[in-house]
Amino acid sequence: MNVKLLLALGTLVTAQSVFAGSISKEIEVIEDGLRGSVQFSGDPSWTIEERMEHYGVPGVSVAVIKDYKIHWIKHYGITDKETGKAVDENTLFQAGSISKPVAAYGALKLVEQKELSLDAPVNKQLVGWKIPDNEFTKKRPVALKHLLNHSAGLTVHGFGGYSVYDAVPTTEQVLDGIAPANSAAVRVNIEPETQFRYSGGGYTVMQKLVADVSQAEYPQIMDKLVLSPLAMTRSTYQQPLPPEKLKFAAAGYLPNNEPVPGKRHTYPEMAAAGLWTTAEDLAKFAIDVQLAVKENKSPVLSQAMANQMLTPFVSDNTGLGFFIDDKNSEIYFGHGGWDEGFSADLIAHKTRGYGVVIMTNSNHPSFINELKNSVADYYQWHNFSAPTYTALPISQAEQQRIVGRYRYAPDMMFNIFAENNRVFMQYLDDEKMEVFRIGDNQYIRREHDLKFRFEKRPKSNSVDLIFGVNGEQEYIRQRLKDDEIVPFELVVKGEIDKAEQHYKEFFTEHPGEKGYVEWSLHNRADKLSRDSQTDMALKVLQLSSRLFASSSRSFEKLASHYQQSGEKENAITSFKKALELQPDNPPVIQALEELTQ
C-alpha cells in the first residue's frame, strides 16, 4: 500500500473554517501521536500513516466533537483498492454494532410516543412470530428494556452477514435459524433481567417489534424516527443498499487485508448490524444525545429518556443501547462496530460535550483505539487515558501457576503459555498476545486495557482467570482440565474425525451453539483457503456438511470450494443438495446453470 498516496488523498473539512489554521495544527499533533491503549515506560508513539501501513487500513474517516459541536472532520485513504477512489464526506461505511444505539434511539422514541413500553412483555405486540415461551420466560417475560440492555437471556451474539452470492433470509428466518439464515435460532435460555449477555439476536427481535407496531419497513421507520430529524442525510438502514447509495459505499477488507468477497456483506439484521453511515452523521447522533442530556434539546428524545438511556441497568456498564464507562465519575458512553470488512467506534462524554467517531473499511480495531487515544490525549479528556505501566518480571513459579487452557465460550478457548521466559495469551485460530505483570497478581495485554488476575477455585486446586480487578466488573474464565475437550480446538489441530465425534456429544449439551459452530467452521475453512491449505479447508467443509446435513449453507460453501478447485462434478452434486434443502436460492440456481451449460 502506498502510504504517501493515502495521505495525499486525505481531505480536511472543518465546521469552524475561521479556525482552520489552528485546527490544522491540532490535527497534525494528533496524526503524530497514535499510541496503544496500554502504554509502558519507553513505548513510542506513531504517525497515522505508519499505523495505516502497519495494519493495512485502506480508508479512514474521523469526526471530532468539542463543545457539543463537530470540531473537525478529516478523511484518509481510499474506499476501494480496485478503483483507488478517495474517501470523502460522501463515503458510506458499515457501522456494525453502532447500529444498535441508533436503533435503540428509535425504539425509545416510540416509547415516548406511547407506541411501545419499556416494561410490558414484547410478545403482546409482536405480530406472527413471537419469542417461544419456556421456563425462563414464565419467570419473567422479555420486555423492550431487556432487548436494548442485553439482559433478555436471548441467544446469538452476532451475525456474519451474507455475501452478494448468498440468499438473504427474512427477519423471521433469522429469528428461527431457518435456511438461508447462517445463524442459530434466537431463544431465551437464561432468565431475563438476571445477567448481561450480549445478544444481536435480541436487537433483531426489537427490529421486528418496531416494524410490527409501526406497520412499515424498518429502514423507513428509522429514517422517520431518527435519521431525518437529526439530519443524518447520508445514513440508511437499507439492506442491501439501493443503487443511489451503493455508488458511495466503501469496499470492506478482512483482518488479513484481503477484500470481502463481493466487496461488502448484506445484513438483514438491520438494527443489530445494518446501518450504513458516515463519521459526520454518527457525530450528529452523539451530539444529539449529549444535548438531550444537557439542555433537553433533542428533536428525538426528552432529557429524562436520554438520561435513562445512559443509566446502567442489570450490569454496571450497560444502558439502553450504549455501553457506559465510568472513569472515576467521568461518564463516557459509546459503542464499537464490526461487520465483515468494516470496523468503527463512537465514544462521547455524557456531560462535557466532547467525543470522537472513527470509521474504517477494515477489521483492525486496534488501529481505531490508537487513533482514539491520540485524540483523547490531545484534548485532555477527563480520566480517559490509562496510566503508563512498568512491566514486572514473572517468576518461573508464577508462570507454572498460571499457564493452561481456559474456556472463553462453549466452543472457544485460549491458551496461557510461556515461551522464552515470556508469557502469552492466544485464542484459537488467532494471533498470540503477550501478557505483562503490572502488580501483585495483576496482568494486562497491550491489545486491551482490561486487567486480569488468576485465582484458585474454591474447593479445587484449579486456577481460573478473572478479568476485572479492584472493583471492576468481573468475567470468570475457567481453566480446563487436561482431559477436557473443546471441539473447535481439534479442528484447528487438524484432527477432523476426532472433532466430529466430540461435536456430536457437544450438541447434546449445547444445542443452541449449532449456528455459531457452523459459522466458525466456515470461517476456519476460509482462512485455510487463503493460506493455500485447500486440502484441510475441504476437510473442514466436509465436516460442516456432515454435522449440518440439513443446512443449505454448508452444502453451498462446500460446493463453492469444489467449484474453485475445479472439481466440477462434486460442485454440481453439492449445489444440488443445497438447492434440495432450500429451493428458493437464486445464487445456487445460477451456479448450477453455469456449471451444467
Side-chain angles (χ1 to χ4, degrees), residues 38 153 155 157 189-191 194-198 315-317 389 391-495 498-513 516-517 520:
V38 176
T155 57
H157 180 94
N189 64 3
I190 297 174
E191 183 182 342
T194 59
Q195 69 181 68
F196 167 87
R197 184 176 66 187
Y198 192 87
S315 70
D316 293 337
N317 63 351
Y389 298 106
L392 303 174
I394 305 175
S395 68
Q396 289 292 324
E398 179 68 353
Q399 290 179 30
Q400 293 174 10
R401 185 179 80 92
I402 66 177
V403 296
R405 298 158 59 244
Y406 296 83
R407 187 183 298 278
Y408 176 76
D411 196 33
M412 178 54 66
M413 51 78 66
F414 58 86
N415 269 309
I416 300 288
F417 62 95
E419 186 177 275
N420 297 325
N421 208 33
R422 297 160 67 190
V423 177
F424 296 90
M425 175 187 291
Q426 185 172 28
Y427 287 80
L428 289 176
D429 218 16
D430 208 344
E431 301 296 322
K432 65 183 182 182
M433 300 172 282
E434 187 165 5
V435 171
F436 298 91
R437 186 170 76 89
I438 57 174
D440 185 20
N441 198 21
Q442 289 192 26
Y443 295 85
I444 202 165
R445 299 158 291 170
R446 287 187 183 277
E447 292 79 3
H448 302 282
D449 186 18
L450 179 62
K451 293 182 275 296
F452 53 94
R453 65 189 193 273
F454 297 87
E455 291 191 0
K456 184 179 292 187
R457 194 181 308 172
K459 300 180 182 180
S460 167
N461 289 323
S462 178
V463 173
D464 291 339
L465 184 152
I466 303 175
F467 288 107
V469 300
N470 299 330
E472 298 171 340
Q473 185 166 350
E474 294 185 351
Y475 303 91
I476 298 174
R477 301 294 180 245
Q478 290 190 345
R479 187 170 182 170
L480 295 165
K481 298 177 182 177
D482 291 342
D483 60 351
E484 282 189 89
I485 300 297
V486 175
F488 190 64
E489 185 179 11
L490 299 173
V491 174
V492 173
K493 290 179 178 179
E495 300 177 21
K498 192 174 179 181
E500 182 172 4
Q501 185 59 43
H502 280 279
Y503 269 126
K504 291 176 181 177
E505 299 170 4
F506 176 84
F507 290 142
T508 301
E509 185 176 354
H510 302 284
E513 294 293 316
Y516 173 79
V517 170
S520 295

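Counting from 1, the numbers follow the sequence of the chain as shown.
The two residues Pro487 and Ala499 come nearest to each other via the heavy atoms O-CB, 3.9 Å. In terms of heavy atoms, Val492 sits closest to Leu428 at CG2-CB, 4.4 Å. Across all their heavy atoms, Arg407 and Arg477 have their closest contact at O-CD, 3.4 Å. When all heavy atoms are compared, the tightest approach of Ser462 to Arg479 is OG-CB, 3.6 Å. In this structure, Pro410 and Val486 approach most closely via the heavy-atom pair O-CG1, 4.3 Å. The two residues Gln396 and Asn421 come nearest to each other via the heavy atoms NE2-OD1, 2.7 Å.
Judged by distance alone, with hydrogens and angles left aside, the side-chain atoms of Arg445 form no donor-acceptor pair with the main-chain N or O of Phe424 at under 3.5 Å. Of the possible polar contacts, none joining the Glu489 side chain to the Lys493 backbone as a donor-acceptor pair under 3.5 Å is found. At least one donor-acceptor pair under 3.5 Å links the side chain of Arg453 to the backbone N or O of Gly468. Judged purely by atom type and a 3.5 angstrom limit, Gln399 uses its side chain to pair as donor or acceptor with the backbone of Ile394. Listed for the Asp464 side chain is no donor-acceptor partner under 3.5 Å among the backbone atoms of Ile476. With Arg405 contributing its side chain and Phe414 its backbone, the two residues share no donor-acceptor pair below 3.5 Å.
The OH atom of Tyr406 sits 10.5 Å away from the CD1 atom of Ile466 when rounded to the nearest 0.5 Å. Interatomic distance, CG of Asp411 versus NE2 of His502, reported as 12.0 Å (0.5 Å rounding). Separation of atoms CD1 (Ile416) and NZ (Lys432) is listed at 13.0 Å; rounding is to 0.5 Å. Note that NZ of Lys451 is 13.0 Å distant from CZ of Phe467, once rounded to the nearest 0.5 Å. The line from CG of Asn441 to CZ of Arg401 is 5.0 Å long, rounded to the nearest 0.5 Å. In this structure, Glu474 CD and Glu455 CD are separated by 7.5 Å, a value rounded to the nearest 0.5 Å.
With a 4.5 Å cut-off on side-chain heavy atoms, Ile438 and Leu392 do not count as touching. Considering only heavy atoms from C-beta on, Met413 stays 4.5 Å or farther from Phe488 through its side chain. Using a 4.5 Å heavy-atom cutoff, the side chains of Leu490 and Tyr503 are not in contact. Taking 4.5 Å as the limit, every side-chain heavy atom of His157 sits out of range of all side-chain heavy atoms of Tyr516. By the 4.5 Å heavy-atom criterion applied to side chains, Phe436 and Tyr389 are not counted as neighbours. Side chains of Thr155 and Arg197 form a contact here, defined as non-hydrogen atoms less than 4.5 Å apart.
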Exercise for review: For the pair Glu500 and Lys504, evaluate side chain to side chain contact (heavy atoms under 4.5 Å, CB included) and give the outcome as yes or no after the intermediate values.
Suggested key: CA-CA 6 Å; Glu500 182 172 4; Lys504 291 176 181 177; 3.9 Å; yes
**Study point:** Chi angles and distances behind the side chain to side chain contact (heavy atoms under 4.5 Å, CB included) call for His510, Val517
**Key:** CA-CA 11 Å; His510 302 284; Val517 170; over 6 Å; no
Practice item. Verify side chain to side chain contact (heavy atoms under 4.5 Å, CB included) between Phe506 and Ile485, making sure each step is shown before the conclusion. Key: CA-CA 10 Å; Phe506 176 84; Ile485 300 297; over 6 Å; no
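Arg437 has no carboxylate O lying under 4.0 Å from a charged side-chain N of Glu398, or vice versa, which leaves the two without a salt bridge. Here Glu419 does not pair with Arg422 in a salt bridge; the nearest charged N to carboxylate O distance is not below 4.0 Å.
Taking a 6.0 Å sphere around CG of Asp483, one finds it holds more than 12 heavy atoms contributed by other residues, nucleotides or ligands.
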